*Asks:* 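One structure follows; several queries about it will come next.
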Amino acid sequence: MTSTSYITTPIYYVNDKPHIGHAYTSLAADVLARWRRLQGHEVFFLTGTDEHGQKVEKAAADAGMDPQSFTDRVSQHFRDLTGTMGLSNDAFIRTTEARHKRACQALWEKLASNGEIYLGHYEGWYAVRDEAFYGPDELTERDGVKYAPSGAPVEWVREPSYFFRLSAWQDRLLAYYEANPDFILPASRRNEVIAFVKSGLGDLSISRTSFTWGVKVPGDEAHVMYVWLDALTNYITAVGYPDDPAAFAKWWPAELHFVGKDIVRFHAIYWPAFLMAAGLPVQHRVFAHGWWTNEGQKISKSLGNVIDPVALVEEFDLDAVRYFLLREVPFGQDGDFSRSALVNRLNGELANALGNLANRTLSLIQRNCEATLPAPAETAPGDVALRALVAALPATVGGHLDRQEYHLALEAVMALAREANGYITVEAPWALKKTAPVRMAVVLRHLHDTLRALATVLQPFMPDTMAKLLAQLGVPEEARGLDHLATPLPAGLALPAPEPLFRKVEAAA
Ligand code: MSP
């Protein structure tokens with residue numbers, strides 16, 4: 001039986017244009033989805049847009065548009081981002097779709113019939129920008145305005161509201177975290193969430209009456225659902241809840257919800273509590289990544305330093321950007337985007353270490369082996385270290401990707417590329433044609449096998465460039481999965497003339 005794997009990005013707010021933060025969360029999810037496919041899993045990879053709430057209602061009004069036309073327009077930018085970043089998503093969900101409203105209402109009714117919802121009054125500090133309530137002790141005050149920890153201004157609201165009995169789930173959530181130590185990664189985020197839950201959970205206001213742009217509460221249409229309850233439900237809508245139980249049973253629970261650190265609370269506390277309260281299984285994992293700064297500065301519209309993924313990809317090529325974002329910063333930590341760091345990685349690791357290795361090896365095979373693949377060779381003492389790394393590579397990379405350690409996966413890849421560059425220098429196959437042609441062929445075959453392993457595991461990170469490299473290596477399209485690495489390519493395979501894979505970039509002026 002094939003395993004199934006359901007992987008999600010957050011659904012993005014449509015009050016803004018896509019930026020590097022959105023591209024980053026989606027990219028991480030894309031690489032895992034592609035890796036799982038390479039392992040032979042059946043994958044459902046979801047992204048989409050979060051289109052309800054007061055913030056969107058306001059943004060639409062500011063743009064002089066009705067909310068639906070406004071969200072139609074902005075949602076398209078996020079659909080375009082999937083093309084810009086080369087995402088392999090299987091679906092794109094919008095919370096304004098009819099099926100999603102049905103799913104929200106079905107989940108609400110389930111929670112209500114389980115006694116998890118009651119009507120009360122909400123009174124408290126609310127930040128429209130975050131669509132979240134804050135306790136008084138969380139706020140700071142400047143010039144008479146109170147601010148949430150996120151920097152968003154808060155306002156006092158009092159209105160009738162339905163509540164979810166979150167407080168009743170505190171102990172069960174803690175027991176769940178205890179029993180599932182990898183439910184929240186990285187560990188630093190898990191500790192934060194646990195501390196927050198231990199500090200005490202109040203009941204959660206889950207409806208509003210002060211605006212209308214949302215999913216109506218079934219049976220009480222003066223209320224619209226709290227936007228986070230609506231938004232989180234997208235993860236089950238997309239896999240068939242409640243209309244298609246077979247699809248739902250196939251895909252749910254999700255393997256992984258990718259999120260930024262700012263929204264871990266919603267995914268690791270509220271969402272599992274809603275699911276448990278509705279009698280549904282909880283997702284396997286939430287991974288919360290860190291935030292990017294730009295050349296040392298916090299990224300913000302007012303500072304005018306927002307990084308546009310489209311411009312970045314135009315300047316540096318998609319695969320170089322994909323590689324850099326996951327290579328530069330340990331996934332889970334904050335990181336700084338700098339042009340010079342990108343240029344260094346691109347020139348040093350992609351163009352030099354990997355690109356030159358491929359070019360040198362394949363050019364030598366062209367010239368000295370009649371453009372055909374040498375026979376598989378016995379391992380001589382000098383080849384042992386290289387062969388061992390090649391053999392271990394898929395499991396090493398897979399182990400890291402199972403824990404979303406992209407930077408370590410890429411470090412393992414680069415360690416092998418460095419080893420292979422050392423090997424080619426020491427063995428100097430270009431000098432062996434006359435003196436030791438048999439050994440030359442052996443060395444080139446080892447290098448070819450090394451490149452095949454490197455290109456195979458790098459496909460999820462740099463799909464287009466690795467497709468080119470695998471074609472240059474003569475690996476048929478249907479033999480590019482991880483399992484195929486165990487079967488050597490046949491000797492005598494005709495290889496096309498190599499072409500450069502990466503373009504070097506001048507250091508910034
Ligand atoms: N709509 C909610 C998510 C609902 S999911 C059920 C939302 N949307 S968002 O558009 O504001 O943010 C989406 C993602 O972008 C978050 O994961 C957030 O962490 C990420 N980023 C926004 N700015 C970022 C950086 N500067 N750096 C890295 N990621 C950042 O939240």
Side-chain angles (χ1 to χ4, degrees), residues 7-30 46-56 59 71 74-75 77-78 81 85 92-96 100 103-104 107 127-132 148 150-152 189 214-215 225-238 254 256-272 274-275 283 286-303 305-309 312 324-326 328-338 404 406:
I7 294 167
T8 68
T9 76
I11 48 170
Y12 301 110
Y13 286 133
V14 287
N15 59 336
D16 207 356
K17 270 189 36 184
H19 60 66
I20 194 78
H22 307 120
Y24 185 55
T25 321
S26 291
L27 172 61
D30 183 60
L46 178 73
T47 188
T49 42
D50 184 357
E51 307 190 1
H52 289 131
Q54 199 169 1
K55 197 159 59 167
V56 174
T71 57
V74 188
S75 176
H77 296 152
F78 286 92
L81 180 73
M85 294 307 295
F92 187 99
I93 191 166
R94 301 181 55 190
T95 55
T96 48
H100 176 68
C104 290
L107 181 64
V128 175
R129 207 166 87 190
D130 302 344
E131 306 276 19
S150 61
R189 298 288 161 220
V215 181
M225 287 182 203
Y226 174 43
V227 68
W228 273 101
L229 172 57
D230 163 351
L232 290 161
T233 303
N234 94 84
Y235 299 132
I236 55 176
T237 308
L256 194 40
H257 293 319
F258 280 94
V259 300
K261 64 179 182 179
D262 52 320
I263 55 174
V264 67
R265 207 184 270 189
F266 302 97
H267 286 81
I269 301 174
Y270 299 173
W271 184 226
F274 294 150
L275 289 166
Q283 79 269 20
V286 178
F287 193 107
H289 65 69
W291 273 45
W292 286 92
T293 49
N294 186 359
E295 311 280 350
Q297 273 193 319
K298 186 175 168 4
I299 295 177
S300 85
K301 260 200 272 189
S302 50
L303 286 174
N305 64 349
V306 175
I307 301 171
D308 173 7
L312 206 58
F324 172 76
L325 290 175
L326 293 175
E328 183 68 9
V329 176
F331 196 63
Q333 293 178 23
D334 291 340
D336 186 44
F337 180 90
S338 94
Q404 292 72 57
Y406 299 98

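Computed from a prediction, not measured in an experiment: that's the story for all the values here. First listed ligand is number 1; within each ligand, the first listed atom is number 1.
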*Asks:* Could you walk me through whether His267 and Tyr235 pass the side chain to side chain donor-acceptor pair (under 3.5 Å) check?
*Replies:* CA-CA 11 Å; His267 286 81; Tyr235 299 132; 2.7 Å; yes
*Asks:* Does Trp292 reach ligand 1 with a nitrogen or oxygen that is under 3.5 Å from one of the ligand's nitrogen or oxygen atoms?
*Replies:* yes
*Asks:* What protein heavy atom sits nearest atom 22 (C) of ligand 1, and how far off is it?
*Replies:*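 Result for atom 22 (C) of ligand 1: His19 CE1, 3.5 Å.
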*Asks:* Quick one: which ligand 1 atoms are inside 4.0 Å of a heavy atom on Asp50?
*Replies:* 1 (N), 2 (C), 4 (C)
*Asks:* Out of Thr8, Thr95, Asp262, Val56, who is nearest to atom 19 (O) of ligand 1 when you count heavy atoms only?
*Replies:* Asp262
*Asks:* Return the closest protein heavy atom for atom 11 (O) of ligand 1 as residue, atom name and distance.
*Replies:* Tyr13 CD1, 3.2 Å
*Asks:* Rounded to the nearest 0.5 Å, what separation is found between the CH2 atom of Trp271 and the NE2 atom of His257?
*Replies:*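 The CH2 atom of Trp271 sits 6.5 Å away from the NE2 atom of His257.
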*Asks:* As a check for students: among Gly260, Ala28, Ala23, Gly335, identify the option with a heavy atom nearest to atom 17 (O) of ligand 1.
*Replies:*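 That would be Gly260.
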*Asks:* Go through ligand 1 atom by atom and flag the ones less than 4.0 Å from a non-hydrogen atom of Ala231.
*Replies:*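 Matching atoms, with element in brackets: 6 (C).
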*Asks:* Using heavy atoms and a threshold below 4.0 Å, how should the contact between Phe258 and ligand 1 be classified: side chain, backbone, both, or neither?
*Replies:*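 The answer is neither.
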*Asks:* Are any non-hydrogen side-chain atoms of Tyr24 and Trp292 less than 4.5 angstrom apart?
*Replies:*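 They are in contact (side-chain heavy atoms under 4.5 Å apart), so the answer is yes.
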*Asks:* Which of the atoms of ligand 1 are close to His289, meaning less than 4.0 Å from one of its heavy atoms?
*Replies:* 28 (C), 29 (N)
*Asks:* For Tyr12, counting its heavy atoms only, list the atoms of ligand 1 lying under 4.0 Å from any of them.
*Replies:* 10 (O), 13 (C), 14 (C)
*Asks:* Would you call the rings of Tyr270 and Phe266 parallel, tilted or perpendicular if under 30° counts as parallel and over 60° as perpendicular?
*Replies:*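 Judged by the thresholds at 30° and 60°, the geometry between Tyr270 and Phe266 is perpendicular.
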*Asks:* Pull out every atom of ligand 1 sitting under 4.0 Å from any heavy atom of His267, numbered as shown with elements.
*Replies:* 5 (S), 6 (C)
*Asks:* Should one rank Thr25, Thr233, Leu232 by closest heavy-atom distance to atom 20 (C) of ligand 1, which comes out on top?
*Replies:*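 Heavy atom nearest to atom 20 (C) of ligand 1 belongs to Thr25.
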*Asks:* Quick one: does Trp228 get within less than 4.0 Å of ligand 1, heavy atoms only?
*Replies:*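 The answer is yes: ligand 1 sits under 4.0 Å from a heavy atom of Trp228.
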*Asks:* If you count the atoms of ligand 1 from 1 in the order shown, which ones are under 4.0 Å from a heavy atom of Gly290?
*Replies:*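 Listed by number with element: 28 (C).
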*Asks:* Students should be able to answer this: which protein heavy-atom is nearest to atom 6 (C) of ligand 1, and at what distance?
*Replies:*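 Minimum-distance protein heavy atom for atom 6 (C) of ligand 1 reads Tyr235 OH, 3.5 Å.
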*Asks:* With rounding to the nearest 0.5 Å, note down the distance linking CG in Asp50 to CZ in Phe78.
*Replies:*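 Output value for this atom pair is 10.0 Å.
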*Asks:* Which ligand 1 atoms does His22 reach within 4.0 Å, using its non-hydrogen atoms?
*Replies:*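 Here the atoms of ligand 1 in question are 10 (O), 13 (C), 15 (O).
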*Asks:* Just checking, any donor-acceptor pair under 3.5 angstrom between side chains of Glu51 and Thr95?
*Replies:* no
*Asks:* Going by distance alone, is a donor N or O of one side chain under 3.5 Å from an acceptor N or O of the other, for Trp291 and Asp262?
*Replies:*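 Present: a donor and an acceptor within the cut-off.
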*Asks:* How close does the nearest protein non-hydrogen atom get to atom 3 (C) of ligand 1, and which residue and atom is it?
*Replies:* Ile11 O, 3.2 Å
*Asks:* I'd like to check whether Val259 has a polar contact with ligand 1, where a contact means an N/O of the residue lying under 3.5 Å from an N/O of the ligand.
*Replies:* no
*Asks:* Tell me, yes or no, whether the heavy-atom count around Lys261 atom NZ, taken from other residues, nucleotides or ligands under 6.0 Å, exceeds 12.
*Replies:* yes
*Asks:* Using a strict 4.0 Å cut-off to heavy atoms of Pro10, name the atoms of ligand 1 that fall inside it.
*Replies:*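 Here the atoms of ligand 1 in question are 3 (C), 5 (S), 17 (O).
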*Asks:* Val259 and side chain to side chain contact (heavy atoms under 4.5 Å, CB included): which partner among Thr9, Thr25, Val286?
*Replies:* Val286
*Asks:* Do Asn234 and Arg94 have side-chain heavy atoms sitting under 4.5 Å apart?
*Replies:*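 Side chain of Asn234 against side chain of Arg94, heavy atoms only: no contact under 4.5 Å found.
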*Asks:* Classify the side-chain pair Tyr12/Ser75 by whether it contains a donor and acceptor separated by less than 3.5 Å.
*Replies:* no
*Asks:* Any N or O on Trp291 sitting closer than 3.5 Å to an N or O of ligand 1?
*Replies:*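 Indeed, backbone or side chain, Trp291 has an N or O that close.
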*Asks:* Any side-chain heavy atom of Phe258 sitting closer than 4.5 Å to one from His289?
*Replies:* no
